[in-house]
Amino acid sequence: MKRPLSLLLTLALTLSLLPAAWGAEPVTPTPPSWVATEDYLVFPGDPAYERSNWAQIEALRADAEKGAQLPADGRDWADGSVGQCYETALLRLKYAENAQTPEEEGEALRSAGQAFNAAWTARRDQLLGEDPLAARLEIEKYRAFLAYRYDYAEMDWGRALVADLDTLGMTLADFFDTPFMDRVSAEDRAKVETSVEAYWEAYRAEKERITVSVDGTLLILDTEVQVQNERTLIPIRAVAEALGADVEWVQETNEIVITRAGSTVTMTLDDPTADVDGETVEMDVAPFAENERTYIPVRYVAEFFGQQVEWNETAYRVEITEDKGILDGSDLEDWLVSMGALLTLVYEGDPAAFGGRGRAPYVVVTRNELGEFENHTAAPRDDFRRLLAEEWDIGDRTALLEAVEELLTESGNEAFQDAADEVKHLSDAEIARRADKLSAVDKYMWPRTKALWTRWGKQGIRAWELCEAAALAQWGYTAGYLTYNEVIELLEPAARAVSQTFTSWDEVYENFLDGYYWCARVDLGDKTVWDTELGMAYLYLRNAPDTAHLFDSGMFETGVMKAENNK
């Protein structure tokens with residue numbers, strides 16, 4: 001079975017990049033003594049809460065409570081995850097309290113601001129959605145900088161603060177209600193207040209600018225949307241990339257050809273008629289070109305590809321979401337996400353998200369040859385197309401469907417059953433007696449095969465293929481090769497097979513791991529599958545606060561719930 005086995009060669013390389021402490025159950029974070037519980041921020045799933053890291057944080061807290069001063073090294077930056085940078089910032093606030101001179105206090109506050117900034121940079125929602133935690137981190141950063149010196153950041157305080165204050169429902173009085181603000185002179189405080197009041201008007205105007213979101217994430221647009229006949233038109237590539245579609249411009253006919261998951265929509269500039277898979281549809285607004293941009297009516301194009309479109313009058317936003325009416329009360333999506341979670345994690349996706357990640361393009365920050373930071377826009381569509389092509393040799397819709405259907409036909413499990421038929425009736429002594437005549441691989445594979453047959457019997461190592469199929473199909477959805485409905489219909493039998501064959505997610509993933517390592521011909525020696533990197537990765541997911549819900553084994557008591565209209 002070529003495609004699944006291609007995974008076996010790459011997965012080992014990928015696993016070497018995973019965190020070392022997969023199997024360690026995370027701690028429940030608590031605030032330090034100098035921070036009120038209601039003011040303390042927690043970032044679920046953050047590496048800061050892994051036991052080894054948390055032990056270091058607690059040791060540093062204890063030193064700070066004993067009067068430790070700001071260290072000389074590293075005070076101008078902070079390293080690590082969002083939570084680690086945040087905890088560093090809190091420590092530096094305590095160092096400011098411990099300072100023996102105003103100069104030392106100010107330096108500790110400046111250093112705390114740098115750490116808050118590092119946490120904010122790491123946390124900042126690259127998809128441009130509203131994020132209260134990022135807003136809080138930015139507020140704390142500016143508090144520390146302002147307490148250090150009014151003009152340290154050399155910024156427009158109104159532009160810096162207003163959006164975060166609005167996101168959090170805070171007033172400027174709330175902003176100043178924090179320790180160390182007595183360092184801010186009345187004159188500087190008045191300057192901040194004047195700047196914030198002056199910016200509110202411009203901010204309100206910006207809030208009324210029409211935006212477009214996909215699945216709750218704002219689209220990154222390089223130009224303003226247009227409105228004609230009460231219809232919103234946006235640059236074609238923005239919505240196409242978010243929906244996983246491809247766009248072709250036919251210059252000879254002024255046609256725009258948009259393809260996605262086997263469907264084709266053809267539109268012509270300045271013509272309100274569209275062709276949708278051979279059917280003519282009349283629109284009340286036509287596509288047009290302006291300033292080297294082609295604008296299309298977002299509602300029509302989204303609905304042509306099975307999306308729901310709503311107008312959020314309060315936010316001045318066109319909101320596009322996947323039409324999931326096919327579920328109609330079923331929990332099938334939950335089953336599929338849980339089945340694909342481990343492979344999605346291994347390949348750096350979001351294990352808790354259907355499709356492995358949100359669909360909207362996002363911002364990537366890199367350094368150029370001069371060491372300067374540059375922003376680039378990346379599309380999940382392209383990320384998952386590369387993943388499927390490079391790791392599974394899947395380059396289009398047809399190849400994906402063939403790969404998933406092959407996995408669902410149990411071809412890999414049949415290979416295991418054939419191998420088991422050769423050894424399941426042999427005693428351990430007989431296998432040992434024949435060992436001298438066996439190949440190096442068979443010497444450990446024969447006992448391993450018999451042990452797995454004894455453990456699983458006729459059900460074999462089925463979970464490996466079913467979970468792999470769940471991951472591939474979902475990635476294909478984000479890549480634009482399959483529609484949501486196709487993924488649901490294609491994988492429903494797989495989810496039901498998992499729910500009816502196993503009794504818990506631990507059992508599913510033990511079978512998954514047994515299947516993977518059997519197919520990979522890996523000699524585990526005295527180790528169990530839970531001692532492997534992949535096994536520890538699953539245990540990490542099962543225990544992490546933001547993914548533990550995926551593995552609620554209570555799901556097996558009810559099985560896959562049917563859609564309401566199918567009851």
Side-chain angles (χ1 to χ4, degrees), residues 21 26-43 46-124 133-134 136-155 157 160-161 174-189 192:
V27 302
T28 301
T30 55
S33 61
W34 59 91
V35 176
T37 300
E38 63 270 19
D39 293 332
Y40 183 65
L41 303 182
V42 175
F43 307 91
D46 194 274
Y49 313 134
E50 294 172 4
R51 291 194 176 276
S52 59
N53 293 333
W54 190 252
Q56 296 176 15
I57 291 170
E58 289 188 320
L60 290 170
R61 286 181 177 183
D63 288 340
E65 288 174 328
K66 294 176 182 178
Q69 303 293 304
L70 176 71
D73 295 332
R75 62 176 59 186
D76 290 329
W77 64 84
D79 293 324
S81 64
V82 180
Q84 289 168 319
C85 291
Y86 174 67
E87 295 294 341
T88 298
L90 297 185
L91 288 166
R92 292 175 182 179
L93 291 179
K94 185 61 176 176
Y95 299 151
E97 288 185 8
N98 298 341
Q100 299 176 358
T101 68
E103 291 75 20
E104 291 176 352
E105 181 186 62
E107 185 62 20
L109 287 170
R110 182 191 68 81
S111 186
Q114 297 284 14
F116 280 126
N117 184 58
W120 170 75
T121 300
R123 171 70 190 189
R124 182 178 49 198
L133 283 175
R136 270 293 306 279
L137 289 171
E138 194 167 33
I139 286 291
E140 299 302 336
K141 171 184 74 174
Y142 289 136
R143 280 171 165 169
F145 285 159
L146 181 61
Y148 168 64
R149 195 176 72 210
Y150 167 78
D151 61 349
Y152 172 72
E154 297 182 355
M155 65 181 62
W157 282 99
L161 295 178
D174 296 328
F175 173 79
F176 283 115
D177 184 17
T178 189
F180 301 111
M181 281 300 161
D182 56 349
R183 293 177 56 92
V184 182
S185 69
E187 179 183 2
D188 287 343
R189 185 182 291 232
V192 174

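Keep in mind that this is a model prediction, so the values were computed, not measured.
- The closest donor-acceptor contact from the side chain of Thr88 to the backbone of Gln84 lies under 3.5 Å.
- Across every non-hydrogen atom of Leu133 and Leu41, the tightest pair is CD2-CD2, 4.0 Å.
- Checked by atom type and distance alone, the side chain of Asp63 never pairs as donor or acceptor with a backbone atom of Ala68 at under 3.5 Å.
- Taken from CD in Glu138 to CH2 in Trp120, the straight-line distance is 4.5 Å, to the nearest 0.5 Å.
- Every pair passing side-chain hydrogen bond (donor to acceptor under 3.5 Å, both in side chains) that includes a residue from residues 26-35 is listed here, sequence neighbours excluded: Ser33-Glu65.
- Sequence neighbours left out, the pairs with a member in residues 76-100 that pass salt bridge (charged side-chain N to carboxylate O under 4.0 Å, His left out) are Arg61-Glu87, Asp76-Arg110, Lys94-Glu97.
- Nearest heavy-atom pair, Ala64 versus Asn98, reported as atom, atom and distance to 0.1 Å: O-ND2, 2.9 Å.
- Across every non-hydrogen atom of Pro29 and Tyr40, the tightest pair is CB-OH, 3.9 Å.
- In terms of the side-chain contact (heavy atoms from CB on, under 4.5 Å) criterion, residue partners of Ala36 (sequence neighbours excluded) are, by chain and number, Glu38, Asp39.
- Atom CG of Leu60 is separated from atom CG of Leu90 by 12.0 Å, given to the nearest 0.5 angstrom.
- For Ala96, the side-chain contact (heavy atoms from CB on, under 4.5 Å) criterion is met by Glu105, Ala108, Leu109, Phe180, not counting sequence neighbours.
- Atom-to-atom distance recorded for Leu146:CG and Trp157:CH2 is 4.5 Å, nearest 0.5 angstrom.
- Ser81 contributes no side-chain N or O that, together with a main-chain N or O of Asp46, makes up a donor-acceptor pair within less than 3.5 Å.
- With rounding to the nearest 0.5 Å, the separation of CD in Gln114 from CZ in Phe145 is 4.5 Å.
- Put simply, the side chain of Leu137 reaches to within 4.5 Å of the side chain of Val82, judged on heavy atoms.
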Practice task
Report the C-alpha distance between Val184 and Val192 in whole Å, list the side-chain angles of each, state the deciding distance to 0.1 Å, and finish with yes or no for side-chain contact (heavy atoms from CB on, under 4.5 Å).
Solution key: CA-CA 10 Å; Val184 182; Val192 174; 5.9 Å; no
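- Distance check: Tyr150 OH to Arg189 CZ gives 13.0 Å after rounding to the nearest 0.5 Å.
- Not a single side-chain contact (heavy atoms from CB on, under 4.5 Å) links Ala62 to another residue, sequence neighbours left out.
- Note that CZ of Arg123 is 12.5 Å distant from CZ of Arg136, once rounded to the nearest 0.5 Å.
- Scanning for side-chain contact (heavy atoms from CB on, under 4.5 Å) contacts around Ser185 gives Glu187, Asp188, with sequence neighbours left out.
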Handout entry: Tyr49 vs Phe43, side-chain contact (heavy atoms from CB on, under 4.5 Å): CA-CA, chis, key distance, verdict
Key = CA-CA 9 Å; Tyr49 313 134; Phe43 307 91; 3.7 Å; yes
Exercise for the section: Report the C-alpha distance between Asn117 and Trp77 in whole Å, list the side-chain angles of each, state the deciding distance to 0.1 Å, and finish with yes or no for side-chain contact (heavy atoms from CB on, under 4.5 Å). Expected result: CA-CA 9 Å; Asn117 184 58; Trp77 64 84; over 6 Å; no
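- Counting all heavy atoms, side chain and backbone alike, Cys85 lies closest to Ala118 at SG-CB, 3.8 Å.
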